[in-house]
Amino acid sequence: MSLRNLVHLFSPTSVVLIGATDRPQSVGATVWTNLSRGYAVRGDSDLMAVNPRLTRLQKWPVYPDVVSLPQTPELAVIATPPATVPGLIT
């Protein structure tokens, strides 16, 4: 892998959190809180959340699946139970 590809990992222009939630003390809620507080977004669409059971998290819309996202993110973070990850990647 070239260093050029690492830019998307360490300095992405857009991020999606798959498994974002408002359930206290869950991995999805912790990661979402950290991203939404610390991610320097250029606009609200640069930080996206996916959860089929929610429609909003704080001020951000939540999408039911990755197909529904308004843009293709440079970085996807998955915060779901381990058994669901292979299906999500597929």
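Treat the numbers as computed from the prediction; the structure is a model and nothing was measured.
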Rounded distance (nearest 0.5 Å) linking atom CG of L75 with atom CE of M48: 10.0 Å
Pairing residues for D65 by the side chain to side chain donor-acceptor pair (under 3.5 Å) criterion, not counting sequence neighbours: S68
Among I78, V85, V77, the one residue meeting side-chain contact (heavy atoms from CB on, under 4.5 Å) with I18: I78
Nearest atoms (heavy-atom pairs only) where E74 meets S14: N-OG, 3.0 Å
Test side chain to side chain donor-acceptor pair (under 3.5 Å) applied to T84 - qualifying residues, sequence neighbours left out: T80
Shortest non-hydrogen separation from A20 to N51 and the atoms involved: O-ND2, 2.8 Å
Close side-chain approach of R53 to V62, heavy-atom, < 4.5 Å: no
Partner set under side chain to side chain contact (heavy atoms under 4.5 Å, CB included) for S26, not counting sequence neighbours: T21, R23, A29
Same apolar cluster (I L V M F W Y, side chains within < 4.5 Å links), V67/L17: no
Under the side chain to side chain contact (heavy atoms under 4.5 Å, CB included) test, residues paired with Q58 that sit two or more places apart: W32, S36, W60
Non-hydrogen atoms of A79 and G28 that approach each other most closely: CB-CA, 3.9 Å
